[in-house]
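Comments concern the structure below.
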Number of protein chains: 2
Amino acid sequence: MSGYDLALGRTLELAVLLHDDIARSLAAEGLTRSRAHLIRELHRRGPVRQRVLAHALDVSARNITGLVDALVTTGFVTREPHPTDRRVILVTLTEKGARMAEEMDRDRRELARALFSGMRKDRFDAFTEGVDAILARLRETAPKRDPLPVTAGGHGE
Amino acid sequence: MSGYDLALGRTLELAVLLHDDIARSLAAEGLTRSRAHLIRELHRRGPVRQRVLAHALDVSARNITGLVDALVTTGFVTREPHPTDRRVILVTLTEKGARMAEEMDRDRRELARALFSGMRKDRFDAFTEGVDAILARLRETAPKRDPLPVTAGGHGE
DNA sequence: TCCAAACATGATGCCGGTTCACTGTGTTAT
DNA sequence: ATAACACAGTGAACCGGCATCATGTTTGGA
């Protein structure tokens, strides 16, 4: 019984620590979780319209405007006109934005090494299995998000 | 190499999911992470002065005033005068606050069961070992907090 | 011509956090 | 005793982030 509680306690602690650690290192670059998420999404999908981002981040369109505003003023992103549809603005990663996206990837890989390297293989495997199992259970409770009926978007994806 | 990355990805996902899940269920009760933390601290320590809370939550004294304000208006907490030192106010859990603290404990235990029950013991053990190992590594990077030179506090602890 | 999509803007609200100045209260040393 | 210092907490003013709704503008298309 109490073993579970203890394990959950540690797991939550881990969750909070990781979460805060990420938030901290993002803040050091002038980013936040939302903004970083936006950058990552952009990096994977290429230039897209804001509506797509709104859906991907699961927030209101208004909020995307705000996030993009912030990223524009900090130079991570630009708003480019859509080649044919003049209503549409394609949010596009700048050089700096792309570099940042890659740096975030690198940081992640570094962190991965820092956390896991030197761990015995059997323990590592068991750990990842455990994580997966818990993720699965957690997702059963978590809310679902219906897919965007992809209109005629920016290219990418 | 890439195995680490994948594992970290899952772990981060777990961290975020857990974090957000907690935030959500707290919000449902009119709480936030900070306020819940304050309640937990109060539940463990008994009535204490705000300064102690400021230290425990690692925020400014002023901020504690704000958190306590909020918890007072929502009825989780009261401010009681210190019996002898009239400068001091002892923040005290109300009945409702105490119930909430215990409910949070219960919820935790429930969550623990939901996540871990049914997991094979060897995997469970390996998982917790993995969590501990990662926590240890993570803490090496994390900032430290010097202990409060316990003055003449509220009772408890 | 007129509707609807895509986005912008303004007004609000909440959260969490800060600094600075100030009051009221103990403590201590002269 | 009293003057000087230390401590607890508050009020005011602020910053920044995330999120909302309502409303406005431009533009593509039926």
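None of the values given here were measured: they were computed from a predicted structure. Note: hydrogens, waters and symmetry copies are ignored here, and every other heavy atom, side chains too, is used. Residue numbers start from 1 in every chain, and the chains themselves are labelled A, B, ... in the order their sequence lines are given, proteins ahead of strands.
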Requested in this report: Indicate the atoms forming the closest heavy-atom contact of H43(B) with A101(B), along with that distance.
Outcome: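 So the minimum-distance heavy-atom pair works out to CG-CB, 3.4 Å.
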What is the separation between atom [atom1] on [X] and atom [atom2] on [N], rounded to the nearest whole Å?
{"X": "L71(A)", "N": "dG16(D)", "atom1": "CG", "atom2": "C1'", "answer": "14 Å"}
{"X": "L53(A)", "N": "dA8(C)", "atom1": "CG", "atom2": "P", "answer": "11 Å"}
{"X": "R49(A)", "N": "dA5(C)", "atom1": "CZ", "atom2": "P", "answer": "12 Å"}
{"X": "R24(B)", "N": "dC14(C)", "atom1": "CZ", "atom2": "C1'", "answer": "18 Å"}
{"X": "D69(A)", "N": "dG10(C)", "atom1": "CG", "atom2": "P", "answer": "11 Å"}
{"X": "L38(A)", "N": "dG17(D)", "atom1": "CG", "atom2": "P", "answer": "14 Å"}
{"X": "L31(A)", "N": "dG16(D)", "atom1": "CG", "atom2": "P", "answer": "15 Å"}
{"X": "H55(B)", "N": "dG9(D)", "atom1": "NE2", "atom2": "P", "answer": "14 Å"}

How is [X] classified with respect to the nucleic acid when contacts are heavy atoms under 4.0 Å: base, sugar-phosphate, or nothing?
{"X": "S60(A)", "value": "base"}
{"X": "T65(A)", "value": "base"}
{"X": "L67(A)", "value": "sugar-phosphate"}

Which of these nucleotides, [options], is closest to any side-chain atom of [X]?
{"X": "V59(A)", "options": "dA19(D), dA8(D), dA8(C)", "result": "dA19(D)"}
{"X": "I89(A)", "options": "dA8(D), dG17(D), dC7(C)", "result": "dC7(C)"}
{"X": "S34(B)", "options": "dG17(C), dC15(C), dA19(D)", "result": "dG17(C)"}

Query - Common cluster, V16(A)/L26(A), ILVMFWY with side-chain heavy-atom separation under 4.5 Å - result: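 As far as the 4.5 Å side-chain criterion goes, L26(A) and V16(A) are not connected within one cluster.
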If you restrict it to nitrogen or oxygen atoms, what contacts under 3.5 Å exist between nucleotides 27-30 of chain D and the protein, and what is each distance?
unit_1  : atom_1 : unit_2 : atom_2 : d
dG28(D) : OP1    : R86(A) : N      : 3.2
dG28(D) : OP1    : R86(A) : NE     : 3.3
dG28(D) : O4'    : R87(A) : NE     : 3.4

Is the shortest side-chain N to carboxylate O distance from [X] to [Y] below 4.0 Å?
{"X": "D125(A)", "Y": "K121(A)", "result": "yes"}
{"X": "R139(B)", "Y": "D132(B)", "result": "no"}
{"X": "R108(A)", "Y": "D105(A)", "result": "no"}

Requested in this report: In sequence, state the C-alpha distance, the side-chain angles, and the governing distance for T78(A) and V72(A), and then conclude on side chain to side chain contact (heavy atoms under 4.5 Å, CB included).
Outcome: CA-CA 6 Å; T78(A) 56; V72(A) 166; 5.7 Å; no
Query raised in the report: On a plain distance test, is the side chain of R62(A) in donor-acceptor contact with the base of dG10(C) below 3.5 Å?
Result: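 Indeed, a donor on one side and an acceptor on the other fall under 3.5 Å apart.
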Query raised in the report: Do any side-chain nitrogens or oxygens of N63(A) fall under 4.0 Å of OP1 or OP2 in dC18(D)?
Result: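 No, no such contact exists.
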Requested in this report: Indicate whether OP1 or OP2 belonging to dC7(D) is found under 4.0 Å from a side-chain N or O atom of Q50(B).
Outcome: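 No.
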Requested in this report: Please check if atom CZ in R40(A) has more than 12 non-hydrogen atoms from other residues, nucleotides or ligands closer than 6.0 Å.
Outcome: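 No, CZ of R40(A) has 12 or fewer neighbouring heavy atoms, counting only those of other groups under 6.0 Å.
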Query raised in the report: Have H19(B) and R33(B) got a donor and an acceptor in their side chains that come within less than 3.5 Å?
Result: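 Judged by distance alone, the side chains do pair up.
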Query raised in the report: Quick one: on DNA chain D, does A61(A) or A70(A) contact a more 5' nucleotide (nearest heavy atom)?
Result: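 Result: A70(A).
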